[in-house]
Protein chains: 2
Amino acid sequence: MGGTRRQEILDAAIAVMAERGVAGLNLSEVARRVGIRQPSLYKHFPSRHAVYDELFRLAAQQQLEAARKAASAARPGLEALTAYVEATGRIALAQPVLAQLLGSRPVPDFEPSREAFRPSVEYVEDVRAHLRAAVEAGELAEAAAEDDAVALMSILVTGTLSQQLANEPNAAYDEGRFTRLIPQVLDMFVRFYSPGGPP
Amino acid sequence: MGGTRRQEILDAAIAVMAERGVAGLNLSEVARRVGIRQPSLYKHFPSRHAVYDELFRLAAQQQLEAARKAASAARPGLEALTAYVEATGRIALAQPVLAQLLGSRPVPDFEPSREAFRPSVEYVEDVRAHLRAAVEAGELAEAAAEDDAVALMSILVTGTLSQQLANEPNAAYDEGRFTRLIPQVLDMFVRFYSPGGPP
DNA sequence: GTCTATAGGATGATAGAC
DNA sequence: GTCTATCATCCTATAGAC
């Protein structure tokens, strides 16, 4: 993952955030690790904010791609949705720092640019599309395609990941006290929206 | 809520965190608002960390007391659990800054002391006790008293609150896009653990 | 308990030579 | 693209007078 100096800087930034918290990104420390002087960083990024933004953009895009790839190998509907969510959990635990940057907003000054945020918007649209597909396949009740259901699914996924990242950020996906419950979490959702059911 | 200087300082600290993020607590700014010089703060708190710790302790204790009070007015079992969780949501939105301090860990250096963290431990024990009571009352299946169910409930509550606080921190509880789904969230859990059900 | 003064650092960012 | 030098702040914390 090295190669270009730009990439070295991003890698070092992730390492620094892993040690000092996502908000603790420190350009002097980044420069030290890359082996250059701190002012030289400004030939690669115009500001500290720009480093955050690029990390956010890359993380959101990688998350989106990984989830889409996993879903595309599955049958449309519930199976694809399940694969999509599970891939999200796996990549979050593989890159806990980036997942925290994406998920919460621990950096007071930083707001991602529109461009950087776009993959996250597409992510939510994907979830909605998977829910619609499951409804059309008769796997879920009509209500599962509505806004409340999308919000509910988002509560489930972010809740699981934020609990896992806050309590056992270095656990493996299948052993994490929370991520290992993902199948049950999804099962809970599916049963709630089972066709012919109450909601 | 004013009164003592110590309390004035804590109130000002909350206000500063509301504006600059939980991690952005700034003693000079706190002093300015209280109307004293920054070094004078050290007559009331030995360090910045101590301010965080006291805020954490107070927030955890108030959350615990509010939830317990709400639950005590309800019938033991599911009703009490529901009241307990709803009260948690309401107090979190009433004090979003403190809820963020309790929930995530957005301050890199700060780790709450044992003493400050104790109410949070009791909170989890309470949830477990309510689940046990609901099982004994025949309202939930046996499995609802086990560790996974406690983790699941914790995913649901923290997921709802973190999504609400991240996206609409200033919404009213009943209008929040996420907190307003609390009844459905609990319903989903209850149905998943309905007596005679599969888990 | 409040003040002034200041130590002692850290940090993001810019200017200009090479 | 990298360097040195430096600016301009900003912050927590301490010392000591009142």
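Chain identifiers are assigned alphabetically (A, B, ...) following the order of the sequence lines, protein sequences preceding nucleic acid strands; residue numbering begins at 1 within each chain.
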May I ask you to evaluate whether A:S40 reaches the phosphate of D:dG1, defined as a side-chain N or O under 4.0 Å from OP1 or OP2? no
Calculate the interatomic distance between B:I36 atom CD1 and C:dT4 atom P; express it in whole Å. 12 Å
Nearest-nucleotide 5' precedence on DNA chain C, A:Q38 against A:K43: A:Q38
Calculate the interatomic distance between A:R6 atom CZ and D:dG1 atom C1'; express it in whole Å. 15 Å
Roughly, in whole Å, what's the span from OH in B:Y42 to C1' in C:dT2? 15 Å
What is the distance from CG of B:L41 to P of C:dT4, rounded to the nearest Å? 14 Å
Donor-acceptor under 3.5 Å (A:T179 side chain, A:Y173 main chain): yes
Starting from P on D:dT14, measure out to CZ on B:R48 and report it in whole angstrom. 14 Å
How many whole angstroms separate atom CD1 of A:I9 from atom P of C:dG12? 14 Å
With a cut-off of less than 4.0 Å, is there a side-chain N or O of A:R37 near OP1 or OP2 of D:dT2? no
Measure from CG on B:L27 to C1' on D:dA13 and round the result to the nearest Å. 9 Å
Just to be sure I understand the rule, does B:L25 reach a base, reach only the sugar-phosphate, or reach nothing, if contact means heavy atoms closer than 4.0 Å? sugar-phosphate
Presence of A:H44 side-chain N/O under 4.0 Å of D:dT2 phosphate oxygens OP1/OP2: yes
Can you tell whether the side chains of A:D174 and A:R90 come within less than 4.0 Å, N to carboxylate O? yes
Please determine whether a side-chain nitrogen of the Lys or Arg among B:R191 and B:D187 lies less than 4.0 Å from a carboxylate oxygen of the Asp or Glu. yes
Test: B:E54 and B:R57 ion pair at under 4.0 Å: yes
